[in-house]
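Heavy atoms only: backbone and side chains are in, while hydrogens, waters and symmetry mates are out. Proteins get letters first, then strands, A, B, ... in listed order; numbering begins at 1 in each.
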Number of protein chains: 2
Amino acid sequence: MSPHSGLALPARKVEYLKFIFESGGTARTNDIASAFSVDPSTITKTFAELTSGGYLLHTPYRGVTLTDAGRRDAAFFIRRHRILSLMLVRNGLSPKEACNEVRRFESMVSKKAVDRICEFMGHPRQGVCGEITHDDEESTLNAERMALKMSLEH
Amino acid sequence: MSPHSGLALPARKVEYLKFIFESGGTARTNDIASAFSVDPSTITKTFAELTSGGYLLHTPYRGVTLTDAGRRDAAFFIRRHRILSLMLVRNGLSPKEACNEVRRFESMVSKKAVDRICEFMGHPRQGVCGEITHDDEESTLNAERMALKMSLEH
DNA sequence: ACTAAATTTGGTATAACGCCAACATTTACT
DNA sequence: AGTAAATGTTGGCGTTATACCAAATTTAGT
């Protein structure tokens, strides 16, 4: 499994990273534990693993922040989710069905496949559960999210 | 997870059942062990699990046979594989890529989704890695396969 | 009957999850 | 500041899904 195949992380870690990304790049243990209804201790342990994998920085008792690599990968995970959901919608599923279906298997779909599907669909911008971001835009959009979160936390 | 969601079995067991189905409904430990390059003891254990799950009948030291339920499910697994592969081919992937991609995630795709996609694609007959069988035909075709295998083993 | 091949058993291992109880830290309130 | 509540962490344990190895068993061929 090459490091950029898109298959480096198991399903649950992908979900957590997407969530952190969408929360502006930072999160605390309880944010995730309650969002996913799992025990906080599970999240602490997952933070440790994602930190040693280079996806997160963990400051004990304070929370995590995505690293650059983590942000890049999370952006891909979100894009992958949206491309695949859109593909299913274009193949007969309702948006909600598509989203749920994709959540179960997305972690097993390679970047190469996603890129091909994306190209084939004409690099759509509007997905079924949010905008689809294409490479260059990711950093920009995320920077905005970060700035917003910073200002909210002052 | 309802019993007919199509998600009752983990990936590897799905692969094994598909293989047994395509071998005519019966197989011996070594057939599977060598086809998948795993230790025979792993297969023996999996046979036990699939037997207690009602998918197989296992006669120790002699091999397994699909039960009716096992045959029905295996037929669905194969149909699912082909429908999904075809969808990916129709969305930009090569047949080989599609097959390999689908093998990784097919076990997570529900029957309901497959049925919708199948309908949306117009109940295609020709898949990218074999014919796509639709409900009524399954028993017929499989009966033929069984008969063939019987005659070969005389 | 004897041996070789196939199969099974029993033990062990890994990854990916998750829970609980006990302990530690931080925060918020009086 | 002092303490209680909220939050987070540790250590232990459990499950499912896979797989391997070595030893024992069964079957098959001569």
(request) Identify, with sequence neighbours excluded, every residue that meets side chain to side chain donor-acceptor pair (under 3.5 Å) alongside A:Asp115. (result) A:Arg79, A:Lys111
(message) B:Glu49: which residues meet the side chain to side chain donor-acceptor pair (under 3.5 Å) condition with it, sequence neighbours left out?
(response) B:Lys13
Looking for any heavy atom pair under 4.0 Å, which part of the strands does [X] touch: base, sugar-phosphate only, or nothing?
X       : value
A:Ser37 : sugar-phosphate
A:Phe36 : nothing
A:Ala33 : nothing

(request) Would you mind checking if B:Arg12 and B:Glu15 are paired as a salt bridge, meaning a charged N to carboxylate O distance below 4.0 Å? (result) no
(message) Taking ring-ring contact (aromatic ring centres under 6.0 Å, His included) as the cut-off, I'd like each qualifying pair that reaches into residues 26-52 of chain B, sequence neighbours left out, listed once.
(response) B:Tyr16-B:Phe36, B:Phe19-B:Phe36, B:Phe47-B:His58
Sequence neighbours excluded, which residues qualify as side-chain contact (heavy atoms from CB on, under 4.5 Å) partners of [X]?
X       : value
B:Arg62 : B:Thr59
A:Thr67 : A:Leu57, A:Ala69
A:Lys96 : A:Ser94, A:Asn100

(message) For residues A:Met121 and B:Met121: do they belong to one hydrophobic cluster (side chain heavy atoms under 4.5 Å, members Ile, Leu, Val, Met, Phe, Trp, Tyr)?
(response) yes
(message) Taking salt bridge (charged side-chain N to carboxylate O under 4.0 Å, His left out) as the definition, give me every residue that meets it alongside B:Arg80, ordered by chain and number, with sequence neighbours left out.
(response) none
(request) Apply salt bridge (charged side-chain N to carboxylate O under 4.0 Å, His left out) to B:Arg116 and list each qualifying residue two or more places apart in sequence or on a separate chain. (result) A:Glu97
(message) Quick check on the helix from C:dA1-D:dT30 to C:dT30-D:dA1: what's the angle between its two end axes, five base pairs per end, to the nearest 10°?
(response) 10°
(message) On DNA chain C, does the nearest nucleotide to B:Thr59 precede the nearest nucleotide to A:Leu9 from the 5' side, or the other way round? Give the residue.
(response) B:Thr59
(message) Let's see if you get this right: which residues in residues 41-53 of chain B place a heavy atom under 4.0 Å from DNA chain D?
(response) B:Ser41, B:Thr42, B:Lys45
(message) Reading DNA chain C in the 5' to 3' direction, which nucleotide is the first one with an atom under 4.0 Å from a heavy atom of chain B, and which is the last?
(response) C:dA6 to C:dG11
Please round to the nearest 0.5 Å and tell me the distance separating atom [atom1] of [X] and atom [atom2] of [Y].
X        : Y       : atom1 : atom2 : answer
B:Cys118 : B:Leu84 : SG    : CG    : 10.0 Å
B:Ile32  : B:Thr42 : CD1   : OG1   : 12.0 Å
A:Arg82  : A:Cys99 : CZ    : SG    : 8.5 Å

(request) Please find the earliest and latest nucleotides of DNA chain D, in the 5' to 3' direction, that have an atom within less than 4.0 Å of any heavy atom of chain B. (result) D:dA17 to D:dA28
